Engineer: 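Before I ask anything, here is the structure I am working with.
Nothing here was measured: the structure is a model prediction, and the numbers come from that model.
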Amino acid sequence: MMLITYFPIIVSLFAIAFVIFLVMQVSKAPAAKDKAVAITAAIQEGAASYLSRQSKTVAIVAAVLLVLLWIVLGWKIAIGFLIGAVLSGLSGFIGMWVSTRANTRVAEGAKRGLAFALDLSFKGGLITGLMVVSLGLLSVAGYYFLTGLSGLIGLGFGASLISMFARVGGGIYTKAADVGADLVGKVEKSIPEDDPRNPAVIADLIGDEVGDNAGMAADIFETYSVTMVATMILGALLFPRAIQFVLLPLMLGSVSILTSIIGSFFVRLGKDKSIMGAMYKGLAVAVVLSAIGFYPLISNMMAGQDISVMNLYLSTIVGLVVAVGMFVITEYYTSKKFNPVRSIAQASETGHGTNIIRGIGLGMQSTALPVLLIAAATITTFWLAGIYGVALAVTAMLSLSGIVVGIDAFGPITDNAGGIAEMSGMPEDIRKITDALDAVGNTTKAVTKGYAIASAGLAALVLFAAYSQRVIDLTGSASAANFALDNPRVIAGLLIGGLLPYLFASFLMGAVGKTAGKVVEEVRRQFREIKGLMEGTAKPEYGKCVDIVTKAALKEMMLPVIITVVAPVLVGFFLGVQALGGLLIGSIVTGLFVGISMTTGGAAWDNAKKYIEEGNHGGKGSFAHQAAVTGDTVGDPYKDTAGPAINPMIKVLNIVALLIVAFLV
């Protein structure tokens, strides 16, 4: 038992030590020189400045909530909230810091070939991935061993709240800059992506870091931590006399951190030169080793319990299968190799409207297989081990987050590397390597977003189960957690909950559109007023666009977050426990569909454009390309702002419900 108690902390510290080793390796690689120095510095300074200003804004909200939680729920919840908030923000900052230093080294490393550039960019992403899971495991295990279960809900709330700010603010920033840059640069001026003449291009590159990197890191830290917390609470409620059910999630996470580290050594370019194949090779090793490692762990820890060892083990295998299944399904819908993306490219030949129609339809269609997979997994694991089996499957799925986030964080690094290569005028052969990495980065970002949304939906189901069990525990009556449709309050809650993801996404889409419009006006002004800008003899005022998107992101992120926190409180206190349960169910169902359709559809639009740019359907500058750029412009806030932000949103609703349930019964 002593080893079980300290093993998660030991593994976390080992992973942090390995991260330090990786940072040293990446830092040894030479950075790009000459013109690239100023570009890299601008990206680093802009990203750090935005996250600093975001942190100061969020700190005010967090401080108010900290005091309220301390007064109403006690110091354990309040301190847990503070730890979760700080570490969620720190995960995002570390991801951004590493990425903005790896990008220039990948651009320079491309001179040594594709294999070296791949190795360097993946190591940069892996640093973020391993920091996310090691900090998540360390915080949950450490705070549990210090204070018990009572403070962990606060930790989950802190992580979720900061994650939502990071996703919402970073998403608005990155896509407002991206859309504004594309609408004038590509559509009006017919200049390449990342062209140094475009005044919005630095803001776009910064956006990749604060949205795709810092946002994803905070998001997965939150999902990883909250799932562990929910499974531990559920284990304690369902099996109050068997502490093994509380400790098992921590042990599963420990095993998979080690297998993710081992799997990372297998991410190497093979003879077929397949970048995606190299990524999948590392992921496959991590999955197989986790599946092998889970059995002796579960058989030793859970022998003699009411649920059979094999049923618990098979529940974890189902979780691993869902993780792999989400990767395969999302790649099919978003990769240039397959028909869905090519069908959007084909539709672009007949115009902007047909591109949009096909993209929206594809996004809707892409929800079918993931939802059927999740439904099958839920039924199977519930049959195997009840609701705890479902929770165990989600824990197993998220235990792979170390290598999965590494694969995702690889994307912004290669995207920035391509931008640095383009803006600094590196040779065409260098840009070919960075473009190849960037194209795969778009797919990896898409598949990991699919993984994140599926895991968020399942994690929310576990949180809902914990809420239901908590209601039963507090009231002593199973009927109190009966959310039947003959209860009008439950129906009202379902409808309000179903509304929230749509309302939330609408605010974010509107914010991107409004801010992008301001960027477009500024870029047009500079092209109009700065003589020699189009000819390349004058330098644009990059800082103007950076300032526009920074201010807008900080302003526009507040209302959606406030609505998410306040809605369950109002429904709970005015309509009661059952209505709040209905709200949680409604938000999970619609949130899952909205999130998957937006992220997958948006990524498909993006890669359809890139498929045309490779010379298909007329290539760059063709009518089909113009239509594809329009589709990509619509898809940008779909896949990188509204869609991914649904993840923390549905979990914040559930955690707030858990926090207030004691006051409702």
Side-chain angles (χ1 to χ4, degrees), residues 68-69 71-74 76-78 80-81 144 147-157 160 226-227 229-243 245-246 249 306-307 378 382 385-392 394 458-498 500 565-589 650-665:
L68 287 174
L69 290 170
I71 293 170
V72 177
L73 296 170
K76 288 184 180 181
I77 293 286
F81 169 80
Y144 167 70
T147 65
L149 281 170
S150 56
L152 289 183
I153 299 175
L155 190 150
F157 181 45
S160 294
V226 165
T227 300
V229 169
T231 306
M232 292 167 72
I233 291 172
L234 203 56
L237 291 171
L238 294 171
F239 309 98
R241 297 182 180 179
I243 196 173
F245 288 93
V246 176
D306 292 338
I307 303 175
T378 304
F382 193 89
I387 193 62
Y388 188 78
V390 178
L392 217 54
V394 189
L458 284 165
L461 284 175
V462 176
L463 284 166
F464 173 73
Y467 169 79
S468 301
Q469 196 63 40
R470 182 74 174 140
V471 169
I472 294 170
D473 193 53
L474 288 168
T475 61
S477 170
S479 62
N482 180 15
F483 306 106
L485 293 179
D486 60 359
N487 186 334
R489 295 188 177 224
V490 173
I491 294 174
L494 280 169
L495 293 173
I496 295 169
L500 287 174
V565 174
V566 171
V569 176
L570 294 178
V571 169
F573 281 100
F574 283 100
L575 296 179
V577 171
Q578 266 120 9
L580 182 53
L583 179 145
L584 301 181
I585 298 168
S587 68
I588 293 168
V589 172
I650 59 176
K651 292 194 295 297
V652 166
L653 292 170
N654 281 268
I655 290 174
V656 171
L658 269 174
L659 284 170
I660 66 173
V661 65
F663 299 97
L664 304 178
V665 296

Engineer: Please evaluate residues V462 and T227 with respect to the criterion side chain to side chain contact (heavy atoms under 4.5 Å, CB included), reporting the C-alpha separation (whole Å), side-chain torsions for both, the decisive distance (0.1 Å), and the verdict.
Structural biologist: CA-CA 7 Å; V462 176; T227 300; 5.6 Å; no

Engineer: Between I387 and F382, is there a side-chain heavy-atom distance shorter than 4.5 Å?
Structural biologist: yes

Engineer: Do you know the tightest heavy-atom contact between L500 and A567?
Structural biologist: CD1-CB, 4.0 Å

Engineer: Do you know which two heavy atoms are closest between V229 and I153, and how far apart they sit?
Structural biologist: CG1-N, 4.2 Å

Engineer: Just how far is it from atom CD1 of I233 to atom CG of L152, taken to the nearest 0.5 Å?
Structural biologist: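 Interatomic distance, I233 CD1 to L152 CG, rounded to 0.5 Å: 6.0 Å.
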
Engineer: To the nearest 0.5 Å, how far apart are CG in L664 and CZ in R470?
Structural biologist: 11.5 Å

Engineer: What are the two closest heavy atoms between Q578 and N482, and how far apart are they?
Structural biologist: CG-O, 3.7 Å

Engineer: My understanding is that only one of N654, I650, V656 makes a side-chain contact (heavy atoms from CB on, under 4.5 Å) with V652; could you say which?
Structural biologist: V656

Engineer: Would you say the side chain of F245 lies within less than 4.5 Å of the side chain of L238, judging by non-hydrogen atoms?
Structural biologist: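 SC-SC contact between L238 and F245 ruled out.
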
Engineer: For the side chain of Y144 and the backbone of M232, is there at least one donor-acceptor N/O pair under 3.5 Å apart?
Structural biologist: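 Side chain of Y144 to backbone of M232, a donor-acceptor pair under 3.5 Å: no, none is there.
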
Engineer: Is there a donor-acceptor contact under 3.5 Å from the side chain of R489 to the main chain of L575?
Structural biologist: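 Checking the backbone N and O of L575 against the side chain of R489, a donor-acceptor pair under 3.5 Å is found.
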
Engineer: What distance do I77 atom CD1 and L155 atom CG have between them, rounded to the nearest 0.5 Å?
Structural biologist: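 Answer for the CD1-CG pair, I77 versus L155, is 9.5 Å.
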
Engineer: For the CZ atom on F239, are there more than 12 heavy atoms of other groups (residues, nucleotides or ligands in this structure) within a distance under 6.0 Å?
Structural biologist: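 More than 12 heavy atoms, drawn from other residues, nucleotides or ligands, come within 6.0 Å of this atom.
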
Engineer: If every non-hydrogen atom of L580 is compared with every non-hydrogen atom of A657, which pair is closest and at what distance?
Structural biologist: CD2-CB, 3.8 Å

Engineer: Using side-chain heavy atoms (C-beta onward) and a distance below 4.5 Å, is F663 in contact with L73?
Structural biologist: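 A side-chain contact under 4.5 Å exists here.
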
Engineer: Quick one: list whatever passes side-chain hydrogen bond (donor to acceptor under 3.5 Å, both in side chains) with S160, sequence neighbours left out.
Structural biologist: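 Partners of S160 under the side-chain hydrogen bond (donor to acceptor under 3.5 Å, both in side chains) test: E222.
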
Engineer: Specify the closest pair of heavy atoms between A236 and L149, including all atoms of both residues, with the distance to one decimal.
Structural biologist: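 Heavy atoms only, the tightest pair is CB-CD1, 3.1 Å.
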
Engineer: Give me the ring orientation class for F483 and Y467: parallel if the planes are under 30° apart, tilted from 30 to 60°, perpendicular past 60°.
Structural biologist: parallel

Engineer: For P249 and T231, work out which heavy atoms get closest and say how close.
Structural biologist: CG-CG2, 3.4 Å

Engineer: Is there side-chain contact between L463 and L584, with heavy atoms separated by less than 4.5 Å?
Structural biologist: no

Engineer: For the atom pair CG (L570) and CD1 (I496), what is the distance rounded to the nearest 0.5 Å?
Structural biologist: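 Rounded to the nearest 0.5 Å, the CG-CD1 separation comes to 9.5 Å.
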
Engineer: Out of curiosity, S468 OG to L658 CG, how far, rounded to the nearest 0.5 Å?
Structural biologist: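 It comes to 9.0 Å.
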
